[in-house]
Amino acid sequence: MLLQSSFSPQRALRVLLNVSAVLSALHLVLLYLREGHGIKAKALTMLFDLDHEANVPTLFMVGLFLVNGLLLWSLMRLDRPNGRKRWQWLLLAFVFVFLAIDEGSQIHEKSIEAMHRLMGSIPHSALLYAWVIPYGLACLALGIVLGKFLLSLPRRTLFLMMASGCVFVGGALGVEMLEGAATVNGGETSMFYLLLNALEEIMEMIGLSLFVYTLLDHLKTFRPEFTLRLAQN
């Protein structure tokens, strides 16, 4: 027996955004119960709080990074101008695999103290979470290295990549810097900080989900039909 199911970029995006919405709603409900009514719900908080490690949202984020890495590797295999594979896809795939490892092990968080020692003092409250400095510079360097390649992509793909990148980087780096300033002014228990923290995580999930859609959409130029086949003898 052969079962066949169509798979489209639009369907993938809907699924990922629905999961992101559910996780975001659970986080905000738990935040409301904890801060508004003193109901801690420790077990649920450990499982679904976006700011906790090794829980359901972390697993989802790691999965998003890895899916993007796999899709980028697939594009490297398929995109062969003049018979050569595009190394830029492979570079991006390695970046996303590293970010998946980082998300699961919090490498960037562990670099904060080292950056503080290197700087001697915190030059601005927005740089309290100082991992944004090396990661921001790495992001800039990646943009310079891949600039010509990205501009050679179809306009639709380029636009979607820039949109998803702006959402993700805006959350991961931009909102993180605002969190640093909020921490200095009100601490990590202030409502302003907690809302910023939720915004950061939500933007990251949306940005990664949109990037999955972007890559699947671009893959259609090489494989017009995506089909999932399950075969049973």
Side-chain angles (χ1 to χ4, degrees), residues 17 20-36 38 40-42 44-62 64-65 95-96 98-143 163-211:
L17 289 181
S20 300
V22 170
L23 292 176
S24 301
L26 284 171
H27 173 83
L28 292 174
V29 168
L30 290 169
L31 179 62
Y32 171 75
L33 292 175
R34 184 175 72 245
E35 300 300 321
K40 295 184 177 180
K42 291 184 179 180
L44 289 175
T45 298
M46 291 297 292
L47 278 174
F48 296 108
D49 193 304
L50 296 177
D51 196 34
H52 276 60
E53 301 176 20
N55 60 3
V56 175
T58 301
L59 181 62
F60 179 60
M61 288 285 289
V62 170
L64 285 173
F65 280 120
V95 168
F96 273 83
F98 167 78
L99 291 175
I101 296 171
D102 186 343
E103 183 68 25
S105 59
Q106 298 293 305
I107 295 174
H108 63 284
E109 296 286 350
K110 296 177 176 64
S111 69
I112 293 176
E113 186 176 345
M115 286 301 302
H116 285 171
R117 288 198 300 268
L118 186 63
M119 292 187 297
S121 63
I122 302 171
H124 192 277
S125 59
L127 299 177
L128 176 65
Y129 301 118
W131 67 266
V132 300
I133 298 174
Y135 278 67
L137 292 174
C139 185
L140 179 62
L142 191 65
S164 57
C166 286
V167 173
F168 177 80
V169 175
L173 296 180
V175 178
E176 181 83 358
M177 294 174 71
L178 292 177
E179 288 177 52
T183 300
V184 171
N185 293 324
E188 291 187 346
T189 59
S190 70
M191 181 57 69
F192 184 50
Y193 169 85
L194 294 173
L195 290 175
L196 282 175
N197 180 260
L199 177 62
E200 175 195 346
E201 300 297 333
I202 292 170
M203 288 178 67
E204 289 180 9
M205 288 190 291
I206 293 174
L208 288 172
S209 299
L210 183 56
F211 199 62

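In this chain, residues are counted from 1 in sequence order.
When the shell of 6.0 Å around CZ of Phe98 is examined, it contains more than 12 heavy atoms from other residues, nucleotides or ligands. Around CE of Met119, the count of heavy atoms belonging to other residues, nucleotides or ligands within 6.0 Å exceeds 12.
Contact between Leu30 and Ala41 at its shortest, heavy atoms only, is CD2-CB, 4.1 Å. Here the closest non-hydrogen pair linking Val62 and Gly104 is CG2-N, 3.9 Å. The two residues His116 and Leu128 make their nearest non-hydrogen contact at NE2-O, 2.7 Å.
Although no hydrogens or angles enter the test, the distance criterion places a donor-acceptor pair under 3.5 Å between the side chain of Thr45 and the main chain of Lys40. Panel note: side chain Lys110, backbone Ser105; a donor-acceptor pair is recorded below 3.5 Å.
Residues Asp49 and Arg34 are in side-chain contact: their nearest non-hydrogen atoms beyond the backbone lie under 4.5 Å apart. Within the 4.5 Å cutoff, no side-chain heavy atoms of Leu26 are placed close to those of Leu44. Inter-residue side-chain proximity for Leu118 and Met115 is flagged as met; some heavy-atom pair is nearer than 4.5 Å. The shortest distance between side-chain heavy atoms of Leu64 and Glu103 does not fall below 4.5 Å. By the 4.5 Å heavy-atom criterion applied to side chains, Thr183 and Tyr129 are counted as neighbours. Side-chain contact between Leu195 and Leu199 is absent, with no heavy-atom pair separated by less than 4.5 Å. With a 4.5 Å cut-off on side-chain heavy atoms, Asn197 and Glu179 count as touching.
The only option from Glu113, Gln106, Glu176 that meets the side chain to side chain donor-acceptor pair (under 3.5 Å) definition with Trp131 turns out to be Glu176. Considering Leu210, Val167, Leu23, Leu17 in turn, Leu23 is the only one that fulfils the side-chain contact (heavy atoms from CB on, under 4.5 Å) rule with Met205.
Classification of the Phe211-Phe96 ring pair by plane angle, with boundaries at 30° and 60°, yields parallel.
No hydrogens or angles considered: nothing links the side chains of Tyr135 and Ser111 as a donor-acceptor pair under 3.5 Å.
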